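Since the structure comes first, as structure tokens, the remarks are kept for the end.
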Amino acid sequence: MANGNRAVGPALDSDDEAALLRPLAFAEGGGLPFALWVVLARALSGHPWTAQDVSVFRDRAGELLVETQTPEGMAYRLRARGARSGERQTQRAVTSALLAEVPLDGDGGHRDWPAAAPYIVDHLAAHAAAAGALDEILEDAEYLVHAEPRGLLRALNIPGSSRGSVRRSIYRASVHVHATASLPERRDILAVDAARQCETGLARELSRGRPWRPRWATGTMVHPALRFTKTGLGVDAAACTVIDGRPHAVTGCYDANVRVWDLVDGTERLVITEDDGVYALDCVEIDGRPHVVTGTCSGSLRVWNLDTGAERFALGGHKGWIHAVGCTVIDGRPHAVTAGEDCLVRLWDLVDGSERARMPGHTEEIRAVAFSEVAGRPVAVTGGYDNTVRLWDLDDGVERAVLTGHTSAVYSVACTVIDGIPHAITGSGGEHAARVWCLTDGSQRAELDGHTSWTAAVSCFELEGRPHVLTAGGDCTVHVWDLTENTERAVLTGHHGYVDALATTEIDGRPYAVSGGHSAPPRVWDLGDTALPAGRKGHTGTVQAVDAVEIDGRPHVVTGGDTTIRVWDLADGTERGTLPHGHRVEALACTTVHDSPYAAVGGCCGVARVWDLAAGTGLRDLPGPDRRVETVAWADANGRACVVTSDEDRTIRVWDLDEDAEHPLHSDRTRSAVRAMEPVTVDGRPHLLMGSDDAALRLWRLTEKGRRVTATVHTGHHWIRALAGTVLEGRPHALTVGGNDATVQVWDLTDGTLRSTLAGHPSGVLAVACTTRNDRTEAITLDGSGTVHVWDLPPARLREKVALPTRAQCMTAVGQGLVIGMGDDVVVLDRNR
């Protein structure tokens, strides 16, 4: 508060006082710093107030103000906020005035955001969103880098124009990563996300001053509906509720914690600790306050107050794992239906905690529950491991129907009304399609067939006045279905693990969803944006391998992921072709034989194949046992290009493309599985470098009689995950990556000595590559934190780092560029000149 001494100054009439107080009515956060109070007083009134005028008024009006000490000095706001008349017009004036206070740099007249007042950096987004001008501000790429993330994220949730939708999507895509990153890291992440949205111009702007910039990227994992990702937790159960007028998600996890977090900006409100893993929960209002009912894997069932986190009471009786918890209202009173391993459906009155009914019928454990009304009576719909869906009358506890047809356990149930008739949608652990059931007559209405794996979760919502359902499961995607026509509306991608928890709610009248899983951190989606197109096409599964080759005189990238091999023009990302491998691709290597480009591909189920990349056809299958192909490589054997495959059964096979198609040229069983191979030249002769599970690095020379080990290095790794070959000071060297190591070892292959160690990665290294630039040899490493490290060799000095939006798993160097497999996406980086 200001002191009680009244300053002496010219008398102010009521209009003057109102003009000087008006800026404070629109202050955000802790309030306006004094200098900006003066600026906005002038801007909103048109009167040339001086700092002295405002200072005198401040001292006189102290009882109306709240003063807050900030790192930048005192900030001021009104004690009683009062009405904001003409807010949109006023906020536009505030926004313009604040923008005018951002100085311009001396190079090109761009706004110098690092020099802007902290209040502007923190709160300009709120003012601009209220003025309907935020999309104009987002046109400034530097603002995306420097704006305070939490404030900007909140502002982005206020609907804007279609013009700004792409930049909003770019910022949201990885805000869970870049919000806490350094400014250089945020630049890198935003630039890659811009490229994933085909905004290459913005990507170049964002990369200004950084060592690398994106050339292009695929955008399979980026959808405009994504609002943010909540990191740091898995999800085994999810529900939505409203607390203090704001939408919140409540999630349960195997770590025994129930987390309550704001769906607008992801801030955590409360953590409740159960006595065991929480695998089922639902939210309900009791006595006008929000509560959650939780079920654990040890059979405990409790009701918690979400305002305070206090336990209201425990519900006893279940034996074993509780898989299903659902809340509803019967006769005006909140109730819960619970079920699980003991095969019983129980109905509880949540006002007094009494058990109202116990309903036997399922013959195996129950996994899911939902609610509907049939013939004017409330019913619960349950599904379980006996492959059945059952309807229970909640007024009398009687089983009304048994719906059969599923061929495996029913994992999930949701209910809605289609054309005025109650329906249930169910997902099964062994089926790729969700089923739609009419609850009036028990008939199956439709199958929603779009997933490539089991469906573990379903959740219904309404969009544009029509019933819709979300389905999710083992293929790590969320599908959006219009139930009126049983058509697929959208596929939401980006999760890196199974999705087995879904919940829906509304925010400002728009449907939102929360999706997540045991190993898939929850994502929040605006379902009103699902009709918008996703990013460019690409892989629908993790890119496991990448290499490069020249086709028709142009460099191309070849990537393996899901069950396909895709060929991309390196220059602009045009997809040349998609080659169906038929099984999950886990390894590939490219080469040129007689001026023709080829790819050798390996994967699960022992399937290996050679492709003619120019023709886009399979050249030859390489038969082997029904074991995973760990890695593939091209090697020189007696002057001929051969394919070398390493299988999970510890067998190396060498295939001559000109010889018998059914049998390898050589076959040799090794002491342990070979995980990485790289062709190198030693003493002027072609060799094959191999890294194995026994942590040994072996140098092979392929001869007419088979293979000859010319050198063995015992690295000290637990096992060798990846390797690369290079030449330092005229001597052949190898770089090795251990299974879980955060270091890379550099070995001299001439004498087997450890030359240096590349240390300092924050997590385990996943891939390594070598390249030469300006006669200087570099190592490029990729670690599990999603960071690319560039090292000078031989001094083993870290030169630069590039942050990625998410974890990447493979890469290759192509000229002065870098191609990265990042989740389902392919990212190409170029050096900035």
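Source: prediction; values computed, not measured.
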Might you confirm whether atom [atom1] of [X] has over 12 heavy atoms from other residues, nucleotides or ligands at distances under 6.0 Å?
X	atom1	result
Q69	CD	yes
R312	CZ	yes
F461	CZ	yes

Salt bridge flag under 4.0 Å for residues R269 and D244: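 A salt bridge is present here (some side-chain N lies under 4.0 Å from a carboxylate O).
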Salt bridge (charged side-chain N to carboxylate O under 4.0 Å, His left out) partners of [X], counting only residues at least two apart:
X	result
E285	none
E139	R163
E142	R187, R208
D140	R111

Taking the side chain from [X] and the backbone from [Y], do they hold a donor-acceptor pair closer than 3.5 Å?
X	Y	result
E185	S182	yes
S169	S165	no
D475	T477	yes
T493	T220	yes
N832	R210	yes
S459	L470	no
Y119	E28	yes
R196	A217	no
E67	A75	no
T70	E72	yes

Minimum heavy-atom separation for [X] and [Y], please, with both atom names.
X	Y	value
L281	G252	CD2-N, 3.4 Å
A51	R42	N-NH2, 4.4 Å
T542	D824	N-OD1, 3.2 Å
I158	A129	CD1-CB, 3.6 Å
L44	A93	CD2-CB, 3.7 Å
S515	L502	CB-CD2, 3.5 Å

Donor-acceptor pair between E274 and T294 side chains, under 3.5 angstrom: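 Checked: E274/T294 side chains pair up, N/O donor to acceptor below 3.5 Å.
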Polar contact flag, side-chain donor to acceptor under 3.5 angstrom, T267-R150: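 Checked: T267/R150 side chains show no N/O donor-acceptor pair below 3.5 Å.
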[X]: which residues meet the ring-ring contact (aromatic ring centres under 6.0 Å, His included) condition with it, sequence neighbours left out?
X	value
W37	Y76
H539	none
Y512	none
W212	none

Interatomic spacing from [atom1] in [X] to [atom2] in [Y] - rounded to 0.5 Å:
X	Y	atom1	atom2	answer
F57	L64	CZ	CG	6.5 Å
I120	H127	CD1	NE2	9.5 Å
L144	I137	CG	CD1	11.0 Å
I189	Y171	CD1	OH	11.0 Å
H789	H761	NE2	NE2	5.0 Å
E800	D188	CD	CG	10.0 Å

Measuring only between side-chain heavy atoms, which start at C-beta, is [X] closer than 4.5 Å to [Y]?
X	Y	value
R302	I272	no
D282	V284	no
L124	T95	yes

Under the side-chain contact (heavy atoms from CB on, under 4.5 Å) test, residues paired with [X] that sit two or more places apart:
X	result
A256	none
R246	R154, H248, D262, V264
D112	P103, D105, P114, A115
R204	T200, R213

Candidate pair D265 and K230, rule salt bridge (Lys or Arg N to Asp or Glu O under 4.0 Å), full reasoning: CA-CA 10 Å; D265 60 14; K230 182 73 172 170; over 6 Å; no
Partner of D529 under side chain to side chain donor-acceptor pair (under 3.5 Å), chosen from H223, R168, R227: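 The side chain to side chain donor-acceptor pair (under 3.5 Å) with D529 is passed solely by R227 among H223, R168, R227.
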Plane angle bin for H518 and Y254 - parallel if under 30°, tilted between 30 and 60°, otherwise perpendicular: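 Rings of Y254 and H518: tilted, as their planes differ by 30° to 60°.
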Chi angles and distances behind the side chain to side chain donor-acceptor pair (under 3.5 Å) call for S55, R58: CA-CA 5 Å; S55 177; R58 175 196 59 192; 3.1 Å; yes
